[in-house]
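This report concerns only the one structure given below.
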Amino acid sequence: MGKINLNDDRFFEPDSRTRSIARELYKEIKSLPIISPHGHVDPEILSKNKNFSNPAELLIIPDHYIFRMFYSQGINLESLGISSLDGNHIEKDPKDIWKIFCENYFLFSGTPTKMWLSYVFKEVFGIDEHPNENNAMAIYDHIQKLLLEERFKPRSIFDKFNIETLCTTESADDQLVHHRTIKKSSWQGNVITAFRPDSVINLESKVWLSEIEKLSNASKVNIDSYKSFISAIEDRRQFFKEMGATSTDQGVETPFTQRISDRKADEIFQRAMKGESSKNDQRIFIGHMLMEMARMSTDDGLVMQIHAGSLRNHNNVIFKKFGPDKGADIPLKTEYTKNLRPLLNEFGNNSDFSLIVFTLDESVYSRELAPLAGHYPSMKLGPPWWFHDSIEGMKRFRKRATETAGIYNTVGFNDDTRAFLSIPARHDLCRRVDSNFLAEQVVRHVLDMDEAVKISHDLAYNLVKKSYKLCQLCLKKNYTTKTSTICC
């Protein structure tokens with residue numbers, strides 16, 4: 001594939017006028033600090049701050065974007081060092097994994113993964129050539145040598161990336177040991193957590209009872225009823241908040257919401273405790289728990305996130321052999337207007353409640369989500385997520401949502417990544433695409449240049465701080481309504 005060319009005008013429109021304005025807008029924001037308000041980086045790497053072991057462990061094994069592409073081309077996951085659930089893990093030489101990666105690197109042509117990796121290779125490791133079968137070992141040795149240096153320890157990389165805040169995501173029972181270690185250290189990096197209760201709400205999971213036991217142990221609440229379950233959840237939310245959390249997150253197939261009585265909720269809970277719950281029980285219980293999570297957010301101020309529309313673990317063969325998060329999650333057609341109506345009618349007009357909604361169904365941007373966010377004071381639109389975290393995906397989002405929801409009913413960008421080194425690449429891509437979108441608006445005389453400059457700063461930095469309550473001044477002044485100006 002030849003040389004890596006990170007052209008200064010990459011991702012901008014080819015017409016000279018738009019490109020010139022996009023270049024000017026991007027120049028204003030490219031060096032702003034990175035705020036990553038939602039993601040899945042393992043806090044252990046920043047807690048222990050040890051040198052990364054090798055390029056394969058760092059760049060390939062944690063990144064399902066990489067191995068889902070390889071699997072689609074017939075490359076088995078075992079050859080990439082992915083452990084099976086049965087414990088029969090065949091130890092793979094990281095150099096062999098790296099060789100497979102380089103030999104098949106061309107498969108990422110035209111994808112966001114290629115754009116992110118090109119940035120990482122060039123900007124982080126100073127590599128000038130795209131990986132291939134001929135330079136695989138030279139690149140491996142080059143990266144391996146760098147990884148032994150002090151400046152390539154996780155905290156040094158964090159600081160070099162100019163990350164102001166990094167938010168990880170932990171389950172309800174997590175003791176946040178690594179977050180404690182980070183807070184007690186002399187390092188000034190701001191790493192916070194987000195509360196994710198999916199494992200204790202998914203009644204149909206085969207490990208649900210064990211997850212309830214873990215929640216009981218963590219909260220010190222004897223969970224034998226729906227009422228005690230709610231008490232345990234509230235206890236853990238408070239603990240997460242004390243540890244710096246400003247948000248919660250729930251991944252659901254559908255954003256169905258419905259309020260049921262405590263008596264009916266307990267009946268469902270008791271059936272689940274006996275292993276007798278049904279699919280309909282799960283649907284009703286999750287819909288009710290979304291209502292309860294909204295109630296709790298209204299009380300404790302944690303921002304509520306809903307990531308809907310993914311059929312997890314679509315490939316049963318892979319799920320049974322390797323477990324979840326192996327690149328086999330597939331988007332679903334998703335309805336929001338009717339499904340969210342109970343939740344928004346109960347909480348959507350309350351300025352103490354903040355809800356950020358994500359989707360994998362792009363067809364609902366202009367039809368449902370933009371009109372909803374353009375009306376309810378509590379609701380905002382999350383950025384393009386997962387499969388749509390791309391040049392064209394970001395462009396489609398802005399074009400379909402802006403005219404109805406506006407800019408200020410969106411929340412800026414979050415990278416939602418497990419791949420630590422890709423964070424600046426993802427933010428840079430978004431800043432370029434947003435600069436390009438605003439430049440087009442200026443060329444069409446929809447926006448004046450001074451408006452576009454202000455909006456570019458808000459999209460890259462200010463909106464995300466306000467939306468996720470990461471600005472101390474916003475918190476002190478209780479800036480919780482969309483009618484207030486951004487103070488940070």
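Predicted, not measured: the structure shown is a model, and the values here were computed from it.
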Report task. Compare all side-chain heavy atoms of F239 with those of L176 and state whether any distance is below 4.5 angstrom. Result -> yes

Query raised in the report: Strictly under 6.0 Å, is that where the ring centroids of F397 and H388 end up?
Result: no

Query raised in the report: Of the non-hydrogen atoms in V221 and S216, which two are nearest, and what is the gap between them?
Result: O-OG, 2.5 Å

Query raised in the report: When rounded to the nearest 0.5 angstrom, what is the spacing between CZ in R396 and CD1 in I391?
Result: 11.0 Å

Query raised in the report: Just how far is it from atom OG1 of T257 to atom CZ of F347, taken to the nearest 0.5 Å?
Result: 10.0 Å

Query raised in the report: Using the ring of each side chain (for Trp, its six-membered ring), is F195 parallel, tilted or perpendicular to F240, with breaks at 30° and 60°?
Result: perpendicular

Could you tabulate the donor-acceptor pairs under 3.5 Å formed by side-chain atoms of residues 317-328, not counting sequence neighbours?
residue	atom	partner	partner atom	Å
K321	NZ	E78	OE2	2.4
K326	NZ	P324	O	2.9

Query raised in the report: Taking atom CG of D173 and atom CG of N217, what is their separation to the nearest 0.5 Å?
Result: 9.0 Å

Query raised in the report: Is K95 paired with D93 through a side-chain N to carboxylate O contact shorter than 4.0 Å?
Result: no

Report task. Indicate yes or no: does R10 engage D428 in a salt bridge with an N to O separation below 4.0 Å. Result -> yes

Query raised in the report: Does the side chain of Y376 reach to within under 4.5 Å of the side chain of L372, using non-hydrogen atoms?
Result: yes

Report task. Return the minimal non-hydrogen interatomic distance between M293 and I233, and the atom names on each side. Result -> SD-CG2, 4.3 Å

Query raised in the report: Would you call R295-E292 a salt bridge at under 4.0 Å N-O?
Result: yes

Requested in this report: Side-chain contact test, heavy atoms from C-beta onward, threshold under 4.5 Å: evaluate it for F67 versus I82 and give yes or no.
Outcome: yes

Report summary line: Minimal heavy-atom distance between M243 and R180, with the atoms involved, is CE-CG, 3.5 Å

Query raised in the report: Do the side chains of T111 and M115 get nearer than 4.5 Å, heavy atoms only?
Result: no

Query raised in the report: Quick one: do D434 and R398 make a salt bridge, cutoff under 4.0 Å?
Result: yes

**Report entry** Pairwise side-chain hydrogen bond (donor to acceptor under 3.5 Å, both in side chains) hits with a residue in residues 64-74, at least two apart
**Finding:** none

Requested in this report: Test side-chain contact (heavy atoms from CB on, under 4.5 Å) on E103 and W98 and set out the steps.
Outcome: CA-CA 9 Å; E103 289 173 345; W98 188 260; over 6 Å; no

Query raised in the report: Are there more than 12 heavy atoms of other residues, nucleotides or ligands under 6.0 Å from atom CD of Q188?
Result: no

Query - From CA spacing to verdict: side chain to side chain donor-acceptor pair (under 3.5 Å), E242, Q238 - result: CA-CA 6 Å; E242 290 170 357; Q238 182 59 33; 3.3 Å; yes

Using distance only, find each side-chain donor-acceptor pair of residues 301-313 under 3.5 Å and give its atom names and separation, not counting sequence neighbours.
residue	atom	partner	partner atom	Å
Q305	OE1	Y468	OH	2.8
Q305	NE2	T248	O	3.2
H307	ND1	D249	OD1	2.6

Report task. Decide if atom CZ of R283 counts as having more than 12 heavy atoms of other residues, nucleotides or ligands within a radius under 6.0 Å. Result -> no

Query raised in the report: Given the rule in the ring-ring contact (aromatic ring centres under 6.0 Å, His included) test, do H427 and F413 qualify, once you have shown the distances and angles that lead to the verdict?
Result: CA-CA 7 Å; H427 284 261; F413 180 67; 4.8 Å; yes

Query raised in the report: Would K274 and E276 count as a salt bridge (Lys or Arg N to Asp or Glu O under 4.0 Å) if you check the C-alpha gap in whole Å, the side-chain angles of each, and the deciding distance to 0.1 Å?
Result: CA-CA 5 Å; K274 297 174 185 176; E276 298 173 354; 5.2 Å; no

Requested in this report: Specify the closest pair of heavy atoms between V411 and S467, including all atoms of both residues, with the distance to one decimal.
Outcome: CG1-OG, 3.4 Å

Query raised in the report: Run the side chain to side chain donor-acceptor pair (under 3.5 Å) check on D352 and T298 step by step: do they pass?
Result: CA-CA 5 Å; D352 292 330; T298 303; over 6 Å; no

Query raised in the report: Would you call the rings of F108 and Y105 parallel, tilted or perpendicular if under 30° counts as parallel and over 60° as perpendicular?
Result: perpendicular

Compile the donor-acceptor pairs under 3.5 Å between side chains in residues 154-163 and protein atoms, sequence neighbours left out, one pair per line.
residue	atom	partner	partner atom	Å
R155	NE	L46	O	2.8
R155	NH2	L46	O	3.1
R155	NH2	S47	O	3.2
S156	OG	E150	O	3.2
D159	OD1	W187	NE1	3.3
D159	OD2	W187	NE1	3.2
N162	ND2	S31	O	3.4

**Report entry** Ion pair check, K99 and E133, cut-off under 4.0 Å
**Finding:** no

**Report entry** Gap between atom CG of N135 and atom NE2 of H142 - 0.5 Å precision
**Finding:** 11.5 Å

Requested in this report: Name all pairs fulfilling the ring pair (Phe, Tyr, Trp, His ring centres under 6.0 Å) condition that reach into residues 196-216, sequence neighbours left out, sorted by first residue then second.
Outcome: W208-F269

Report task. Tell me, with the steps shown, if Q270 and Y226 meet side chain to side chain donor-acceptor pair (under 3.5 Å). Result -> CA-CA 8 Å; Q270 295 300 336; Y226 167 72; over 6 Å; no

Query raised in the report: Of T168, T417, D416, which meets side-chain hydrogen bond (donor to acceptor under 3.5 Å, both in side chains) against H40?
Result: D416

Query raised in the report: Do S79 side-chain atoms and I75 backbone N/O form a donor-acceptor pair below 3.5 Å?
Result: no

Query raised in the report: Is any side-chain heavy atom of R236 closer than 4.5 Å to a side-chain heavy atom of P197?
Result: no

N/O donor to acceptor pairs below 3.5 angstrom from side-chain atoms of residues 332-339, sequence neighbours left out:
residue	atom	partner	partner atom	Å
T334	OG1	L332	O	2.9
E335	OE1	K338	N	3.2
E335	OE1	N339	N	3.0
E335	OE1	N339	ND2	3.4
E335	OE2	T337	N	3.0
E335	OE2	K338	N	2.6
Y336	OH	F358	O	3.1
Y336	OH	T359	OG1	2.9
T337	OG1	E368	OE1	3.4
N339	ND2	T254	OG1	3.3
N339	ND2	E335	O	2.8

Query raised in the report: With the threshold set at 4.0 Å, does a side-chain nitrogen-carboxylate oxygen contact exist between R271 and D281?
Result: yes

Query raised in the report: Can a salt bridge be assigned to the pair E170 and R196 using a cut-off of 4.0 Å between side-chain N and carboxylate O?
Result: no

**Report entry** Where A272 and L209 come nearest, the two heavy atoms and their spacing
**Finding:** O-CD2, 4.2 Å

Query raised in the report: Is any side-chain N of the basic residue among D389 and R426 closer than 4.0 Å to the acidic one's carboxylate O?
Result: yes

Requested in this report: Starting from the C-alpha separation in whole Å, work towards a yes-or-no answer on side-chain contact (heavy atoms from CB on, under 4.5 Å) for C102 and N132.
Outcome: CA-CA 5 Å; C102 291; N132 57 56; 5.8 Å; no

Requested in this report: Indicate whether any N or O donor in one side chain lies under 3.5 Å from an N or O acceptor in the other, for T165 and N190.
Outcome: yes

Query - Closest non-hydrogen atom pair, S171 against S199 - result: CB-OG, 4.3 Å

Query raised in the report: Does K214 come within less than 4.0 Å of E211, counting only side-chain N to carboxylate O?
Result: yes

**Report entry** Spacing of D300 atom CG and K241 atom NZ [to the nearest 0.5 Å]
**Finding:** 5.0 Å

Requested in this report: Step through the shown structure and confirm whether more than 12 heavy atoms of other residues, nucleotides or ligands are within 6.0 Å of CD on E213.
Outcome: no

